[in-house]
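Every chain is numbered from 1 and lettered A, B, ... according to where its sequence line falls, protein lines coming before strand lines. Because the structure is a prediction, the values reported are computed rather than measured. In what follows, every heavy atom counts, from backbone to side chain, and hydrogens, waters and symmetry copies are set aside.
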Number of protein chains: 2
Amino acid sequence: MATIYEVSKLAGVSLATVSRVMNNNANVSDATRKKVTAAMDELGYRPNSIAQSLASNCSNSVGLLVSELQGPFYGPMMSGIENTFRNQGKHLIIAAGHSDEEREKQGIEFLISRNCDGLILHVEAVSDDYLIKLSKGRTPFVLINRYISELSDRCILLNNIKGGYLAAKHVLEQGHKNIAYISGPLWKQDAKDRLEGHKQALAEFNLEFDENLLFQGDFMEASGYEGLKALHEQTHPFTALICANDEMAVGAMASARDLGLTLPKQLSIMGYDNVFFTRHVYPQLSTVNYPIDEMGRMAADWVLNQVYQKQTPPLQTLFEPELVVRHSISRQSAQITSQG
Amino acid sequence: MATIYEVSKLAGVSLATVSRVMNNNANVSDATRKKVTAAMDELGYRPNSIAQSLASNCSNSVGLLVSELQGPFYGPMMSGIENTFRNQGKHLIIAAGHSDEEREKQGIEFLISRNCDGLILHVEAVSDDYLIKLSKGRTPFVLINRYISELSDRCILLNNIKGGYLAAKHVLEQGHKNIAYISGPLWKQDAKDRLEGHKQALAEFNLEFDENLLFQGDFMEASGYEGLKALHEQTHPFTALICANDEMAVGAMASARDLGLTLPKQLSIMGYDNVFFTRHVYPQLSTVNYPIDEMGRMAADWVLNQVYQKQTPPLQTLFEPELVVRHSISRQSAQITSQG
DNA sequence: ACATCAAATGTAAGCGCTTACATTTATAAC
DNA sequence: GTTATAAATGTAAGCGCTTACATTTGATGT
């Protein structure tokens with residue numbers, strides 16, 4: 001691999017001049033610029049970006065930490081981010097945290113030690129304190145889907161209370177009065193918020209939230225399956241089920257079929273996230289849109305703006321959910337009565 | 001950020017010794033090792049891996065180029081790869097090629113200029129010649145889902161002929177005789193192979209392949225939708241439709257509903273890939289399993305073995321598809337007759 | 001006590017770039 | 001033709017590490 005030194009020799013100029021034409025940041029005469037680019041072409045020269053990073057203390061790469069590389073949720077987010085950076089000549093280093101504190105920390109440290117200029121973090125397991133301490137460090141970062149008041153200007157969030165409210169309101173408006181709920185893990189803020197919005201809507205309809213109709217899941221499909229099974233076995237009747245995300249909703253749909261329930265006639269089911277496969281399930285799932293791709297792009301814009309001082313559209317940190325009505329909520333449902 | 005220099009000062013040893021304890025590759029007395037690690041802890045020292053890469057000419061990172069960061073196919077692949085490398089202390093730099101020749105080349109060059117020790121490529125647009133030339137370069141790479149005879153030992157492939165055969169055979173065994181086919185773009189080898197396997201099965205059942213029942217799609221959902229619409233409008237009847245991947249199959253299912261066809265009674269539909277959402281569509285889609293996660297892990301093993309000289313399970317380059325029977329193929333179908 | 005040799009440590013030259021500063025060259029004003 | 005000033009180019013010192021080679025230290029055998 002040719003180095004800058006060989007290029008400079010071939011072009012008959014100094015290292016510095018070659019560097020200047022690469023970064024075209026200083027005055028270089030047309031004649032020498034031509035000589036240099038010719039030499040580069042001849043040698044097939046490619047700058048070694050590791051060396052560039054070390055020397056300039058700027059790697060032109062930003063780190064992205066997500067929980068998982070797979071799954072319907074992270075794909076669109078990564079894609080939105082990658083796109084934005086590609087257009088700006090920045091590069092993406094991706095690590096997965098697997099919702100595990102140790103691995104999340106490892107991932108963050110790797111990205112920092114890799115001289116990332118900025119970080120986009122979607123972390124769940126790491127503590128607020130850790131992040132606050134991290135914010136004092138040299139690598140700026142933005143948080144997706146996590147709120148820490150001390151870091152509020154770098155938290156990109158969905159209004160989950162509103163989302164929970166929207167979902168419940170829609171179901172209530174269809175005439176349902178007994179509504180079961182499968183939540184996410186309630187130590188997570190988003191799970192809590194969605195449930196809070198749910199309760200607000202209930203209150204607005206003068207209905208009380210029935211704790212017996214709450215099942216705490218973990219945002220995974222299996223817990224949706226288990227959740228509906230468990231709810232079906234207890235004695236309080238319900239005609240609709242709201243799940244705190246689409247994966248659990250899909251699990252619940254499978255469960256409903258195994259229980260012999262006709263959807264949506266005997267049981268209405270509502271999801272959350274508007275993950276792409278919700279259009280493909282049967283019946284098509286009504287849900288709440290989580291504009292995760294947009295939020296990813298916004299996170300990328302944040303980095304562009306705050307780290308690279310680029311012009312960007314105005315930064316926005318709070319995003320609004322939207323109701324997506326499809327065919328999984330029936331207008332009037334027969335009550336499922338208890339098993340006992 | 002503390003540097004190795006500060007650590008050496010604090011510990012009262014030379015740079016080299018600090019480096020040695022980091023890499024524990026030479027004789028260092030217990031006493032000094034202790035002094036050094038204590039100094040590291042005190043300073044919260046983290047080696048700068050950019051500098052390490054530059055000096056050692058080994059970045060401990062491997063590059064991965066995929067077409068898209070999203071979609072049901074690449075997620076499991078990336079995840080399998082990331083997992084393997086995490087366990088070995090290697091890191092992953094991901095770029096997307098978007099099936100575009102220029103962008104694929106850019107991506108590859110970026111990864112190389114980033115001093116990746118090895119590359120895993122899932123490329124579609126770049127030419128064989130380009131890859132052959134690339135193989136002469138300094139960065140070793142392995143190809144997923146692409147066959148180039150000159151590079152055959154580094155091509156990790158699915159036996160697509162067999163897969164196409166399996167799908168068709170299953171449909172034939174259920175008694176279907178008139179089978180429509182929505183292929184991928186036929187300039188792509190995998191699309192060609194799947195169709196070839198399809199024809200083999202037909203031949204085995206003494207059936208002729210009807211060109212009128214072939215629609216060439218592009219592996220995307222929309223082309224499945226359009227494909228079935230077009231097939232339905234022509235005059236040759238068929239009772240089953242085989243799609244060259246699941247996305248098109250899902251598109252075709254939507255199309256079938258719009259055409260008022262009951263699935264699978266009036267039309268049987270078969271997919272290919274066994275993407276995770278095939279279990280969630282209705283009726284659940286019968287398909288052919290593409291073990292992409294395993295193949296990703298194998299690619300990672302290849303790099304570990306060939307680039308880092310690690311012990312790995314034996315390298316395997318050809319993977320076998322498997323039939324996945326679910327509920328989208330009916331035993332005996334009423335014939336769809338022509339529209340005309 | 002001395003030589004011998006291995007183990008432990010230090011020295012310093014890079015890795016391929018960037019950039020502050022110094023120097024040279026061209027341009028313009030008088 | 002000077003001189004002042006700006007533009008173009010060169011010089012060399014790093015960036016934070018690794019590693020070949022040199023040196024020192026400590027055992028061991030005699």
Query raised in the report: In terms of side-chain geometry, is the basic nitrogen of E101(A) or K105(A) positioned less than 4.0 Å from the acidic oxygen of its partner?
Result: yes
Report task. Look at the side chain of N27(A) and decide which nucleotide, out of dG14(D), dT19(C), dA7(D), has an atom nearest to it. Result -> dA7(D)
Query raised in the report: Which listed nucleotide (dT18(C), dC17(D), dT9(C)) is nearest to the side chain of S56(A)?
Result: dT18(C)
Report summary line: Axis-to-axis angle for the helix from dA1(C)-dT30(D) to dC30(C)-dG1(D), ends of five pairs each, to 10°, equals 40°
Taking only distance into account, with no hydrogens and no angle test, what donor-acceptor pairs under 3.5 Å do side-chain atoms of residues 62-74 of chain A form with protein atoms, sequence neighbours excluded?
from: S67(A); atom 1: OG; to: Y74(A); atom 2: OH; distance (Å): 3.3
from: S67(A); atom 1: OG; to: E124(A); atom 2: OE2; distance (Å): 2.9
from: E68(A); atom 1: OE1; to: H98(A); atom 2: ND1; distance (Å): 3.1
from: E68(A); atom 1: OE2; to: H98(A); atom 2: ND1; distance (Å): 3.2
from: Q70(A); atom 1: NE2; to: S79(B); atom 2: OG; distance (Å): 3.1

For residues 128-142 of chain A, run the donor-acceptor check on the side chains, cut-off 3.5 Å, and write out each pair with its distance to 0.1 Å, sequence neighbours left out.
from: D128(A); atom 1: OD1; to: R146(A); atom 2: NH2; distance (Å): 2.6
from: S135(A); atom 1: OG; to: I132(A); atom 2: O; distance (Å): 2.5

Requested in this report: Check whether any side-chain nitrogen or oxygen of S14(B) sits under 4.0 Å from OP1 or OP2 of dG10(C), and answer yes or no.
Outcome: yes
Requested in this report: Output the residues of residues 29-52 of chain B in contact with DNA chain C, where contact means a heavy atom of the residue under 4.0 Å from an atom of the strand; sort by number or write none.
Outcome: S29(B), T32(B)
**Report entry** Protein-to-nucleotide contact annotation, 5' to 3' order, nucleotides 20-28 of chain D [B base; S sugar-phosphate only; - none; under 4.0 Å, heavy atom]
**Finding:** B--------
**Report entry** Side-chain N,O (N57(A)) to OP1/OP2 (dC15(D)) below 4.0 Å
**Finding:** no
Query raised in the report: Taking atom C1' of dT18(D) as reference, at what distance in whole Å does atom CG of N24(B) sit?
Result: 15 Å
Name every donor-acceptor pair, under 3.5 Å, that has one atom in a side chain of residues 15-22 of chain A and the other anywhere in the protein, sequence neighbours excluded.
from: T17(A); atom 1: OG1; to: S14(A); atom 2: OG; distance (Å): 3.3
from: S19(A); atom 1: OG; to: N23(A); atom 2: ND2; distance (Å): 3.4

Query raised in the report: What distance separates Q306(B) CD from T312(B) OG1, expressed to the nearest 0.5 Å?
Result: 8.0 Å
